[in-house]
Structures are given as structure tokens and as C-alpha cells.
S.K.: 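Sharing a structure, written as C-alpha cells. Questions coming.
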Amino acid sequence: MTPSPLVPTGGATVRAVNDEFHGDLLEVSMGPHHPSTHGVFRMVVTLDGERITKLKPVLGYLHRNHEKIGESTSYLGSMPYTDRLDYLNAMTNNWAYALAVERLGGLSVPERAEYLRVILAELSRLQNHVCLAGFLLQDTGASGTPLMYAFREREKILDLFEALSGSRMMCNFQRFGGCRTDASPAWLAQVAALVGGFGRFLDEFEELITGNEILMARTQGVGVLKGPAAVAAGITGPMLRAAGVGYDIRKVDGYGLYPRFTFRVPIGAHGDTYDRYMIRILEMRESIGILEQALRDIPAGPIMDPKAKLRGFRPKPGESYGRIEGPKGEIGFYLISDGSANPYRYRVRPPSFVNLTVLEDLCLGHTIADSVVILGSIDIVLGEVDR
Amino acid sequence: MLGSGLLQGLGVTAKNLVGSFHDPKRLTTVEYPEQKTKLPEAYRNFPFLVSESAEDPMGTLRCVACQICEKECPPQCIFIEKSKDKKPDATGKMQIYPAVFLIDSSVCMNCQICVEVCPFDAIKMDHEYEIATTERFNALLLDREALAKPNSYFHEIRPEEAAEVDGRLAAERKAAEEKAKAAALAKASAAAKPAAPPSAVPPKAEPPKPSASA
Amino acid sequence: MNALFLILIALVTLGAAATAMALRNLIHSVLLLIGSWIGVSVFYLFAGAEFVAFAQVLVYVGAVSMVVLFAVLLTRRSRLDISVTPDSLSRAISAVLAAGAVLGVLLYGIVFTPLPGAAPKGPSATVKQLGVELMGDHAAALLIIGLILTVATLGAVVIASNDPKAEDRQ
Amino acid sequence: MTAPINPADSLLERAPQALRDLVTSHFPQPWRWFANGLLADVAILAVFGLLFAALTLAERKILGRVQNRPGPNRTGPFGLLQPIADGIKMLSKEDIVPRDADHLLHFLAPVTLLASAIMAFAVIPYGRNLVPVDLDAGVLYFFCVGATTELAVFMAGWSSHNKYSLLAAMRALAQLISYELPLLLSWVPVVMISGTLSTTGIVAAQSGWRWGWMPTWHVFTPWGLAGFIIFMVSALAESNRSPFDLPEAESELIAGHLTEYSGCKYVFFFMAEYFGMTALSGMAVTLFLGGWHAPLPALEFIPSYAWFGIKLISLLMGFIWIRATFPRLRMDQLTRFAWKFLVPLALINLATAAFWSLSFGWSGPMLAARCGVALVLVIVPFVLLGRRLTAGLAPRSYAYAT
Amino acid sequence: METPDQICSRILSRLPGAEVSVLQNPGPAAQHSLLVGRQSVLEVAEFLRDDPELRLDYCSNVTGVDWPEKIIVDVSKVSTPDPAGGAPKVTEVKTERVQPGYLEVVYHLYSVSLRHGPVILRTRTAGRDALAAVPSLTPVWRSAEFQEREIFDLFGVVFENHPDLRRILMWDGFKDHPMRRDYVEPEDYEWEPTPHGDLVEKAKKARAQAGGTPG
């Protein structure tokens, strides 16, 4: 065994990978077809009994070279493809891409469109987090009940997406310099009704499961990730905040109109799976607050930058990196333009992919049952991991 | 005390069990083949070609085979071949029309970009979602006969947008007619006054604006 | 009829035990051993000792077999492949000697015990009587057995515990 | 006014025996015992087979309703024919055995499991005089038959030659060793108080009324309540039901020992799980819930087997309810829960029952003292052990970043 | 936060031998980047991470860019004096030179503790084939681990000293690097007759007949 040359930086854990052959170690390949790998993801797990002594993530089963497609498609043509990255959060993917292109082309966004973006992003965050809570609890073995409750609420949000953008998941809604369609007052009233009832749903959901001793036993102290290690490993999103680092791009970058809204950033003290679950619940409560403010303040006005062109968009040569706080973490797009209709380089910075870096560290020493729960708490979507 | 959280959870599930029988807010399921949810107007699934009349769909397609959608389609699932002859379009102008219009529904990702870029309101997104077939080769490649649907259908699925489009087209037709009339008048006056320069080039139709949704 | 049945059960029990010894696959051996235990309990049933029969199944099939299976599954592969060495020949001889001695004692006991011709219908022991006997007159024996089993368990734990330092010393 | 009819003599109550005698009277006397036995077998298989079918449907329906969806409703009216459709589907499926599997054990495992699950039904008294086999050591028989179930799970897991199945087999072994003990210890007090191992004797010991209205079921005593809860928790584990369904833990081990089973063999496992669940519930009814006795004197006109059925089904619904609510435990937590919580509690419960039986004659204020002491003996260890078990686990409060 | 120029000069004052320059971004985004030579990228990265004023502890995005060999045409005007004594004749002389291709690795750095960023760090390989190697920055920022593996996989940049440099998205037996601009997809690669394939064929044929330009 050669010691891993991985130097611990800022408290990052050193990997104790023991490559010696032991007769009683069992190598199990979890995935790509496994009920709880959230898609075609594979973990090659070496078990000592039920304890994990080694875990190697194997990716790429869903790889379709999204970035290459992006380089051979026009700027507008890549927009529907971004829906398919993290297919739970098409709205935020669209926004991140639109943001990068707007920076590249020097476009501005009208106020109403910014409000709409905030509303849609927060709705997207709600449905992503509620999904995650459902999946995570499903992974702990709850026979579908929390998942079904979560999906019931998610359906309502997807219905809203469908009414506005025409599609439930593949929204393809944002455009460079604004949004595609305007929201009717009736639609905004529907959102308000949903937001009004969401808090009650969260209360019921928490009553169902948060205080459950089995859940606490399964998640507390499992998969502990501490702040410095998380920062070094590039962890973003709720996972980073669960590790105790209050880094939220909505606050830090202040993109969109987020500085106008008051909301808090919950942080966890333990960095374990329970914290990662609870941070999402708390973030949903903050999102409800943002949505209420946005629905109250949304102004009338145009939704597209008059400078923006739908067809034949050719930004000047240059490059830009735009990132937003997606529900899963920092989703960024890096674009290089050479002045033609297609980007010279189109790069996605996928939060799920980078967050997977620490999977092995979190799982080592835990049991195979924990690995499933830890993977669930990282919140990956394979459309984004593999691209 | 150990078990309090468990009992709380049991309480919630019991409430839901009872609630699902009398509270429609809880039991939100739609029993699909019998019941169907009302689709929102914005719903999009697969494009269709708008034709003016239901009787002669091929003769009255709004599409003028400009091939913009073919170029803009991100997965490149559209193929258009221009016709050799011309026929009058929605505004009464002589236009070429698509001799072949193919959309590969196995590749189409329902992104609506073809609709957004179409300057002629000729392609729109459908509400049809029961599009499964048992044959995965030819049945998934739809030709213009399969794609054409009359304007009345468009009105049926998207009343607001269709009314807006019709209004705009009517205005354009009117403008075109007036221009034609003016041109005829001018011709007549030109005939009366042979010294006037011949207006060989017919007044160019106002290029229609891109779809209002942009 | 009954005798035929008894002989059949005896054959099954002994056959299972013998095959269990001969098989290379340890799991099969354990399962056959369980079969032979069930055979023994059938004998108890025939003797009218329901309690003992059920207790036999409960304890041996339900618990002891599990422990044995656990032991087998947790045993390192290397210990499964014990090859026949010259040393094991002498071991085999001593094993045969030991088994012969046990057999001799048993045979002596069986042959020289005066069997009553017509078995007098003895007082059928109820569960309560069994309990009173065990907790009364034979309490000391019960305690000693318990102690011995505990010591054996502790010994097993010590042997099974995976102490890397001990391995290094070897 | 007519004299109240002795409930034992009512027509409905005697109907099963009358029916049996009607059928077996056609057999010659020497074969009558055999005919009786056969009839009991047929009755058990028919009733519990139907109950199994109904239970699968009920489980899916209830799970559906709990999860706010209608559950199966396509096959027949209200989906009532769903079990039949499922049965046809499962039985017509191809039986796939992995090439490297241990074919004999792979075949024997489901058979063993189902056989032992069915055998357990033999000693449960379903009603007044309705017990297939009245053994002196009936309770012991029940648990000795039940002991083979996890062996069968092990056989299935080991013989499948699949890593997931093997892990499931290991889990099944550990789970059995851990939960057999509290299960056994939980009913020992009942035997102690009743003074018999016979199931009919235990039911008989719970007959009669205190103060003329309160049934003297064991569950209404402090030790009985504790014993009942320990029994039911262990029964959940013994029948591999959520939250103790670790051997087949879907999200971790795919289907555990069932991963390599299909078709008829899979149905056997499925049946055995439900049969085991039913049998353990039946035993719980017998040991703690007064067997077939009515809960109130005024309700004795309802035949005894109906009471048994009602109690049985409500316990089964409890199994389903729990499954609908709880996440799954982890293996080490499962064994810790058994050894550090259930076993000590069961042992203390044994002492409580001993105290209860010693203080049998106490009355008046001493009766209150007896109940009080017993309650303290039950509750205090529960609280203390529970606190130790959940040490370090608590709902948390969260800070917000500035 | 300091501008890239300030950072550059501070790096140069601290690490005098470092090859650092600022690469201007002409676009409206104006995200200028630090171009660092291969030899000094590791120490520059460590400086950026540890410097108390920058503390760029978080490496958000790591990506590769392929710049293939380019033929640059330099146009220079040469005036030759007219022998007839008239105005000098000006001719345009085109000289072609080949700019060698290289692969570029771009790091987007942020500071979580000081909440600023991005600072963009770029480094270039010497060439695209055998020389396509840069030092790995995974020892500095662990978040680069998977992303550098991805660049190795898709672009073929070898990261020296990377702890676990294997393909990550493509399978192990895969030969090429699909994100390179000159990558040609193999013809028979998981070929399956689809109507789409026919469609493209037909389209090509029709366009060839029409004589128009494809696209």
C-alpha cells in the first residue's frame, strides 16, 4: 500500500485506504442497478463484515458529453439541454446558464423578470429539498410514506411550473435577458396559495419523522463532515452549511435581486446526515419567507431586455463564469466565446459531481446501510454528475 | 422518553389514513385513463403544423419552408424540403411551402424553440401526450400529413394565444390587402401617367415580428 | 410399524450425522447436523417427552445451530483449507482411540444395564416437576453447567476476537 | 324472561364442531382422528390462505391510504381481485436459479420456511374448543417451530451465491440470535402466572371478569402489558417486518435473501412472512389478549372465534401501520436494541411477574400497592434503559449564519 | 478584493521567479485571469490559498480548454519604391505562422472565509500530445480531484502528482479524449438504425443537391 499523496488541507481527512488483501473482506458492487443509488451510479464497496473499508465511486453511466453538445449548439439551443442536467431543478440550471450568458453578452434583466427568477428558483429549491427529504427517508427504509408526502407537495409545484413554462421538469424557461413568458396574476395567486400552505405541510412532515428515534439513530453521528474539510473539498450548498459554514451564494454574490430579500442561512453544528436533512428543512422554511416577500413586491413591467436577441445571438469574444446557489449547491457555467454563434467552450460546474468527492471519507468506517443514507444525504442527480 | 417520536409519527400516519377518505386535499391522486387533469394552456408536448382549414390541411399550411426552425432546433430533429412551386400563404402572398416536413419524435425534446423562432406562427406546441407507438422506426418519424392540425384545433387547446395570433395575422392580411390595393391604384395611375417610374418591385410585406412570446 | 419408523428415524439421524462429518462444505455439514438434532428430538417425542423434544429443537435448531453457522461464516478462509499433514495422521489415530473409548463406555452402559422387561408406566414428568427438580435438588449441577458454558463462551470470544497484535506474534 | 344462555352453548359457537362431526361421521372410527386432522389442516390452509390474500391487499390498500393514494383498485371492484391477479402473475413466472447457486438448498429454503410457518398454526386456540392440536407444551412447540424460520432465511441467503444475499443471511442469523431471547423471555411470565405451557390452559387462565366487567387478560396487568409490547416488538423482528426488515432491506441489500428468487419460490417466502406474522399475532392474542374471550360480558353472545379473529386482525393492522410509519434500524442498532434494551426489560419483567404472583392474595389498599409496585417495576427500567439507549440522540436546534 | 493586476504584482513581489501575467478578458464580463506558467503554478496556488488577504480556500470550478494548432496569417504591408520614381507600390505580404496548440486548465477560485472571488487561474500545457502535462493542484484544493480527473479523461491533460488519476466519465478501455476539438466520433460506435440517422442523411443529400452551405 502506498500512502495516499493527498495532503490534508485545512483539516481534510487523510484517507486510510488499506489495499492489503484480506481473506474476509467482501467487495460489493453497489450499482449501477441498485434501488438506492439514485440513478445509474456505482459504488465499489469493500466490506469487512458490514463495515466499509474502502469505497470507490464509479461514474459515467449517464455520460453523454453535455459540454461537447453545448459547444456544437447555439447559445439558445443549449438552454433546453441545461434542463437535463439536474432534472429536478431545471429552473435554477436555466438561471445559472442565463446568468453566464448575460455576463458574456453584457445583457441586463428587467426587474420583473428578476422577481420571476427568484420565485421560480425558490419554488425549485422547495421541490428539490422536499424530494431529497423523501428520498433520504426512503433510503433509511421508511416504506414510502415520507416520500409520498413529499411528492404530493412536489406535484403542486411542478403543476405551477407546467402552467408557466409548459413542462413540469424540462422547463426551458429562462432566456438571455429575461424570461420566456410572463406570469399571469392568476398564476401568482396560485403560487401564493401554495406558499401559504407549505409551512403547514412542513410541520406535518416534521411531526411524522423528525423526532423519530429510529431516524435519529440512523442519521445522527453518521457521515460527519466538518467545515474546513468541506471547504477544501469544494462542497457547496446545504451540505456545506450542514458542516457549519454559512456560505450561501445568494448572500455572498448577491446575484439577481437576493440582496433585497431578508432571509437567514441555517448552519449545522455537527455536520452529520441529520444536520444535512434538517438544514434542508430549515432552508425550505426560509424559502417560504423569500417567496412571500417576492410575491408581495413583484412589480409590473417588461420581462425581456430589449437588447436581447433570440436568434443569431453572437456575443463578443471573451469569457464569463456565472454561478448561482442551486438547491444542490453551486451550479456554475463557464463560457468562452470566440464571437461565433456557438460557444467556443461550454462548461458546467455541477454541484452533485463535486460534492461526491467526499463520499468515501464520509462512508469509511460506517456500515453498508449508512453508505446508502450518506449517499442520499449528499443529494446527487446523475444527470448532473455524469453530464 | 423513548418512543414519543415514534408515537407522534404513528399519529400522523393515522391522521393521513383517515384523512385520505374524506379530505380531497390529501388524496390528490388522479386515476389516469379515466380521469385526466386539465392541461394548462402553456402545456407543451411535441410540435404540430398549423393549417388554416381542416378540409385541405396540405394546401393551407402556414409554413413557408423558411427552415429557421430546422436550423435552430437543438437536437436537429426537423427536416424540411422546399417546394418548387408557390401557393398563397396566410396573408395571401405567394410563398413556397414545405414539400417535405419531417420531425423525428424520438429525438425531439419538446423544447419549444422551433415555436419561438418561427416568424410565421406556423408551428405550435401540441397538447397531445398519448403518443406512444409500438413501432420504433417509421412510426416515430412524423411527416407533414401527420403533423398538420387545423387552426380550429389550435384555438381549442390554446384559446388565448390562438386569438392573439389570428388577430395579428388578420391585421397583416389587411395591411397586405391595402398595400396591394394601393399598388393597384398606383399601377392604375401609372398606367394613366406612363411617365411615372415603373414599380416593378411589389411592396415588400412587413416582415412579421418574431413570436410574441419572445 | 412403530419399530420400523424408529429405525428409519435412527438411520436418518445417524446418516445425517455421518454425512455431516464427511462433507467438505461446512454449511452443508451444519445443516445436516441440524437434521440429526431434529431426528433426536423426534426420538424424544416418541418417548413421550414433549417438553424435552421441543426444548431440544428450540435450543439446538434455533440457537446452537445459529451460533455454529456464525462461527463457520466468520472463520477465515485460511483455516478452512487445512490440508492433511503427517501430523494429522497421528491425530486421526488418537481421534479413533477416543471415539472407541466413548463407544466402549456407552456400549458397556447399554449392555450391562438391566432393562426392565415390561416398562412400568412411570410417572410422566410435568414441566412443573422438571422445574422443581432443576431448581431444587439439582440446582448445584445447573449452576455449574451454566458456569462452564459461560466460560466456554468467553473462551470462544477470546479465540474469535480479531486481535492483530496476536497475529503478528505468531 | 328466559334465563341467559350459556355462551358456550349458542348455535354459532358450536357450529364448527358440528360441521366437523358431520363430515367425519362418514369415516370409519379408526380413521376418524386422521379425518379430523386432515379437516383441521384444510380449514387452516383455507382460512389463513384467504387471510394471506386479504392481508396482502389490505397492506397495499392501507399503505396507499396512509400515503394518500388509493392503492390497488384496478382488478375487480375496489381492487378486490388483486391478490388473485398477483398470484397468477407470480406462479406463472419463470423460476430462475443462479448457475452457481446451491440448488438443493435454494429449493429447500422456501419449503422449509413455509412448512414451519404453517406448522405454527397447529397449537393456537382459535375459539372455544377450536384448537387443532392441544399439546401440553403447546407454547414451546410454537416457538420451536418458529425457530426454524431464520434458518430458512439463512439457507436462502447462503445458497443464492449472491453477495447481497450472503449479507442478508448474516443479518438473519444475528437477528435471530438477538430476538429469539426477548421473544422467549417475554412469554415466560405468562407461563409462570398461568402455571401451564398449554395454549388452551393459558386462555382458560384469562377467563372470567374482575369486578364483573374487566377482563382478566394478561395485557391488563403491568407485567402483561410490558410482556405484550416486548413480545410484539420481537415478533416484528422475528417475522422480518419493518422496522426490522434488515435481511431483505430493499434500499441496502436490494432484496436480501430474496434477490435470487422468483416465481413460485418467491411466493413461498412471501406467504411464509405473512403466515409467520399471523401466527405470531395469534400467539400474542392467546398469551396476552385473552385468546378468544370477549372483552365485555355483554359481548359474549358473539362467537369466540369471531373475537379471536377481531383481535388477530387488529394486531395485523398494527403491523401494517408500523410498516407505514417507521424507517429501518441498522444492524448494530438492532442487536443493541435487543441485548441492551429488550432482554434486560424482559428479565426485569420476569421479576415483576414473580412479584405479581407472590402478592396474589393482596387486597384492598395492598392491591393498590401491588399495582403501584408492579407499574414502577415496569416503567422505571423502561425509562432508564430507554434513556441509555437513546443517549446522544435528540432533536436539535440550529443556528443561523450572520 | 484586489484586482488581478494587484494580485499579479503581489505574487511577483513574493515569488520573484514566478511566471505570472494577467490575461485580459475583452468581453463585458471583464473577468480577467492570472496566467501562470507550469513550473510555478503550484507555489502560486499555495500563495493564493494561504495569503491572509486573499485566502482563496475554495476552488470552485476546474476546467480544461483545448486550443488546437492555429495558422495565423500575419499581414504586413511592404512598400517597394517604384523604380519609375512614382509613388511607392504597396503590396500586402501574407506570412503564415503556426501557433502551436496547447491545452489550458482554468481554475475559478473563491474565498469562503473572506467571501470574495472569483480569481481565475490558468495554466497551459506545452503541447497537446506528449507534452500535455501540468502539475495537479489537488494537493492544494481537494475539490480539484474529480474535476482534474474529468479533464484528464475528456481532454487528456496529465496532472502530475494527482493522487488518483484515472478516467472518470469514460470507461477504462477508452482511447481518445472526446472534449478535444479535433475529436472524431467513431462511425460504428454503438450504431443503431434510427429514423434520425436517415433524416440526417436525407438532409445532407438534399442540401448537396441544392448546392447550399450546410449549417
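By convention in this document, chain letters (A, B, ...) are assigned in the order of the sequence lines, proteins followed by strands, and residues within each chain are numbered from 1. Note that the structure is predicted; figures quoted are calculated from it, not measured.
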S.K.: List the atom of Y344(A), the atom of D66(E), and the distance in Å for their closest heavy-atom pair.
M.R.: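 So the two residues come closest at OH-O, 2.6 Å.
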S.K.: Counting only non-hydrogen atoms closer than 4.5 Å, does V58(A) touch chain E with its backbone (N, CA, C, O), its side chain (CB onward), both, or neither?
M.R.: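 Looking at V58(A), nothing touches chain E.
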S.K.: Using a cut-off of 6.0 Å, state whether more than 12 heavy atoms not belonging to I71(E) lie near its atom CD1.
M.R.: no
S.K.: Taking the side chain from Q31(E) and the backbone from Y321(A), do they hold a donor-acceptor pair closer than 3.5 Å?
M.R.: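 Checked: pair present.
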S.K.: Identify the heavy atoms of G234(A) and Y58(E) that sit nearest to each other, and give their distance.
M.R.: CA-CE1, 3.7 Å
S.K.: Do H116(E) and V252(A) have side-chain heavy atoms sitting under 4.5 Å apart?
M.R.: no
S.K.: Measure the spacing between NZ of K56(A) and CG of D164(E) and express it to the nearest 0.5 Å.
M.R.: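 The NZ atom of K56(A) sits 5.0 Å away from the CG atom of D164(E).
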S.K.: When rounded to the nearest 0.5 angstrom, what distance separates OH in Y346(A) from CE in M179(E)?
M.R.: 10.5 Å
S.K.: Check for a donor-acceptor pair, side chain of K68(A) on one end and backbone N or O of P178(E) on the other, with a separation under 3.5 Å.
M.R.: yes
S.K.: Given that the side chain runs from C-beta out, which part of D153(E) has a heavy atom under 4.5 Å from chain A: side chain, backbone, both or neither?
M.R.: neither
S.K.: So does V62(E) get a backbone contact from the side chain of R347(A), meaning a donor-acceptor N/O pair under 3.5 Å?
M.R.: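 Confirmed, R347(A) side chain pairs with V62(E) backbone.
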S.K.: When rounded to the nearest 0.5 angstrom, what distance separates OH in Y334(A) from OG1 in T63(E)?
M.R.: 7.0 Å
S.K.: What part of S337(A) gets closer than 4.5 Å to chain E, counting heavy atoms only: side chain, backbone, both or neither?
M.R.: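 Neither part; nothing is under 4.5 Å.
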S.K.: Give me the atom names and distance for the closest heavy-atom approach of V231(A) to D57(E).
M.R.: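 Residues V231(A) and D57(E), closest heavy atoms: CG1-O, 3.7 Å.
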S.K.: Select one option (side chain, backbone, both, neither) describing which atoms of L59(A) are under 4.5 Å from chain E's heavy atoms.
M.R.: both
S.K.: Given the options A144(E), S136(E), P118(E), G64(E), which has more heavy-atom pairs under 4.5 Å with chain A than any of the others?
M.R.: G64(E)
S.K.: Let me confirm one number: the CZ-CG distance from R349(A) to N61(E), rounded to the nearest 0.5 Å.
M.R.: 7.0 Å
S.K.: Between the side chains of R115(E) and D253(A), is the shortest nitrogen-to-carboxylate-oxygen separation below 4.0 Å, so that they form an ion pair?
M.R.: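 R115(E) and D253(A): not salt-bridged.
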S.K.: At their closest point, which heavy atom of G105(A) faces which heavy atom of P28(E), and how far apart are they?
M.R.: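 Looking at all heavy atoms of both residues, the shortest contact is C-CG, 3.8 Å.
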S.K.: Examine whether an atom of E150(E) lies under 4.5 Å from a heavy atom of chain A, and if so say whether it belongs to the side chain, the backbone or both; otherwise answer neither.
M.R.: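 Contact with chain A is through the side chain of E150(E) alone.
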S.K.: Please determine, among K316(A), E71(A), E102(A), K251(A), the option with the most heavy-atom pairs under 4.5 Å with chain E.
M.R.: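 Of the candidates given, the most pairs with chain E belong to E71(A).
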S.K.: What are the two closest heavy atoms between Y247(A) and S111(E), and how far apart are they?
M.R.: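 Heavy-atom minimum between the residues: CE1-O, 4.0 Å.
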S.K.: Among V354(A), T357(A), N355(A), which residue meets the side chain to side chain contact (heavy atoms under 4.5 Å, CB included) test with F146(E)?
M.R.: T357(A)
S.K.: Quick one: of R103(A), E67(A), R345(A), who has the most non-hydrogen atom pairs under 4.5 Å with chain E?
M.R.: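 Top option by heavy-atom pairs under 4.5 Å: R345(A).
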S.K.: Taking non-hydrogen atoms and a cut-off under 4.5 angstrom, which of residues 103-110 of chain E neighbour chain A?
M.R.: V106(E), H108(E), Y110(E)
S.K.: With chain A, which of S60(E), C59(E), P26(E) has the greatest number of heavy-atom pairs at distances under 4.5 Å?
M.R.: S60(E)
S.K.: Relative to chain E, which segment of N65(A) carries a heavy atom at a distance below 4.5 Å: side chain, backbone, both, or neither?
M.R.: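 Contact with chain E involves the side chain of N65(A) alone.
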S.K.: Got a donor-acceptor contact below 3.5 angstrom from the N25(E) side chain to the E319(A) backbone?
M.R.: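 Confirmed, N25(E) side chain pairs with E319(A) backbone.
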S.K.: Top residue by heavy-atom pair count (under 4.5 Å) with chain E, among S72(A), G332(A), G106(A), S320(A)?
M.R.: S320(A)
S.K.: In the structure I gave you, are the side-chain heavy atoms of D361(A) and R142(E) within less than 4.5 Å of one another anywhere?
M.R.: yes
S.K.: So what's closer than 4.5 Å to chain A heavy atoms on R180(E): side chain, backbone, both or neither?
M.R.: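 Contact with chain A: backbone only.
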S.K.: Chain A heavy atoms under 4.5 Å from R166(E): which part of the residue, side chain, backbone, both or neither?
M.R.: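 The side chain, not the backbone.
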S.K.: If I measure from the heavy atoms of chain E, does I336(A) come under 4.5 Å with its side chain, its backbone, both, or neither?
M.R.: side chain
